[in-house]
Amino acid sequence: MLLCIGIVGFILEKYKFNILGGISYLLIILPLLLLITYYVNGRQIFEYDSDGEALHFRNRNIVPFLSTPLSDEFPKYKLLKFDTINIFFIKRLYITISSKNNGSTVLKYEISYLTKKEVNDLKFSLNKVIKANKERR
């Protein structure tokens with residue numbers, strides 16, 4: 001939406017007002033850079049629910065047309081391990097679950113926008129589930 005407003009502003013500036021001159025190209029460049037930053041950083045909204053007998057992960061984007069939302073739900077006993085990767089400003093969560101067909105499946109979620117406390121709470125909760133799974137076996 002911001003990009004569309006920038007394009008409309010650029011067209012109006014170029015053909016009607018002509019106040020900004022060469023700086024008017026910033027009306028397109030800045031929203032485009034913002035859109036690229038959102039795309040590179042991944043999905044902004046991450047939701048995790050561990051209540052009950054199932055784990056539910058949802059990962060979606062603020063801008064709906066950039067990527068499709070992810071939603072996975074599986075029983076807690078299928079969780080084998082997890083790993084978090086931090087590369088500069090990009091954080092990812094990799095979850096390995098047991099599968100009937102392949103033996104295991106890796107699910108990937110972007111958690112770049114979570115705070116350090118939220119990431120630590122997520123790790124604590126997942127470690128608790130893994131520990132309970134090991135005790136059950």
Side-chain angles (χ1 to χ4, degrees):
M1 184 161 146
L2 190 60
L3 183 61
C4 294
I5 292 170
I7 291 171
V8 169
F10 173 76
I11 292 171
L12 287 174
E13 166 63 27
K14 198 71 171 168
Y15 296 110
K16 177 111 172 133
F17 300 119
N18 202 12
I19 298 171
L20 298 174
I23 299 175
S24 64
Y25 288 101
L26 289 177
L27 294 173
I28 293 178
I29 293 172
L30 290 178
L32 191 61
L33 287 175
L34 185 64
L35 189 66
I36 290 170
T37 303
Y38 274 124
Y39 182 75
V40 168
N41 247 358
R43 295 174 180 91
Q44 290 84 24
I45 301 171
F46 177 78
E47 298 170 348
Y48 167 70
D49 183 23
S50 65
D51 294 339
E53 290 296 317
L55 295 172
H56 192 80
F57 294 93
R58 287 177 290 252
N59 206 200
R60 56 194 166 112
N61 209 329
I62 291 174
V63 183
F65 62 85
L66 281 182
S67 61
T68 58
L70 293 175
S71 181
D72 294 314
E73 186 173 358
F74 52 88
K76 286 183 178 180
Y77 67 85
K78 287 192 170 194
L79 180 66
L80 297 176
K81 64 179 181 173
F82 73 94
D83 191 22
T84 56
I85 306 295
N86 294 329
I87 303 172
F88 298 113
F89 55 91
I90 298 173
K91 294 183 217 168
R92 299 267 162 84
L93 172 69
Y94 293 95
I95 294 180
T96 305
I97 61 172
S98 62
S99 173
K100 290 182 181 179
N101 299 336
N102 301 343
S104 67
T105 303
V106 177
L107 304 172
K108 180 180 82 167
Y109 303 100
E110 288 94 4
I111 57 171
S112 299
Y113 292 93
L114 293 182
T115 63
K116 192 170 188 175
K117 182 185 182 316
E118 291 172 334
V119 172
N120 288 337
D121 290 344
L122 175 67
K123 287 179 181 180
F124 178 76
S125 177
L126 290 174
N127 277 328
K128 196 163 79 172
V129 171
I130 290 173
K131 185 179 177 184
N133 287 345
K134 287 181 180 176
E135 288 176 359
R136 197 176 303 154
R137 292 180 187 160

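Residue numbers count from 1 along this sequence. Every value quoted in this text rests on a predicted model; they were computed, and no experiment measured them.
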For K108 and L70, the nearest pair of non-hydrogen atoms, with its separation, is O-CD1, 3.6 Å
Any donor and acceptor pair, going by atom type alone, linking the side chain of S104 with main-chain N or O of I97 inside 3.5 Å? no
Pairwise distance CG(N133) to OH(Y77) - rounded to 0.5 angstrom: 10.5 Å
Please report the interatomic distance NZ(K76) to CG(D51), rounded to the nearest 0.5 Å. 7.0 Å
Looking only at heavy atoms, what is the nearest atom pair of S71 and R58, with distance? OG-CG, 3.8 Å
side-chain contact (heavy atoms from CB on, under 4.5 Å) with T96: of T105, L80, L107, only one passes, and it is L80
If two hydrophobic side chains count as joined below 4.5 Å and joins carry through other members, does Y113 share a cluster with F46? no
Only counting residues at least two apart or in another chain, list the ones meeting ring pair (Phe, Tyr, Trp, His ring centres under 6.0 Å) with F57. Y48, F74, Y109
Among the clusters formed by ILVMFWY side chains lying less than 4.5 Å apart, do L114 and I87 turn up in the same one? no
Treating Ile, Leu, Val, Met, Phe, Trp and Tyr as nodes and any side-chain heavy-atom pair under 4.5 angstrom as an edge, say whether L32 and L34 lie in one connected cluster. yes
Cluster question for you: counting only ILVMFWY and a side-chain heavy-atom cut-off of under 4.5 Å, with indirect links fine, are I90 and Y94 together? yes
Is there a donor-acceptor pair under 3.5 Å between the side chain of K78 and the backbone N or O of A54? no
I'd like to know whether CZ of R60 has more than 12 heavy-atom contacts from other residues, nucleotides or ligands below 6.0 angstrom. no
Short question: side chain of N59, backbone of I45 - any donor-acceptor pair under 3.5 Å? yes
Any residue meeting side chain to side chain donor-acceptor pair (under 3.5 Å) with E73, in chain and number order, not counting sequence neighbours: H56
Cluster question for you: counting only ILVMFWY and a side-chain heavy-atom cut-off of under 4.5 Å, with indirect links fine, are I130 and F124 together? no
Could you measure the distance from the CG atom of L126 to the CD1 atom of I95? Nearest 0.5 Å is fine. 5.5 Å
Value rounded to 0.5 Å, distance of CG in N86 from CD1 in I111: 7.0 Å
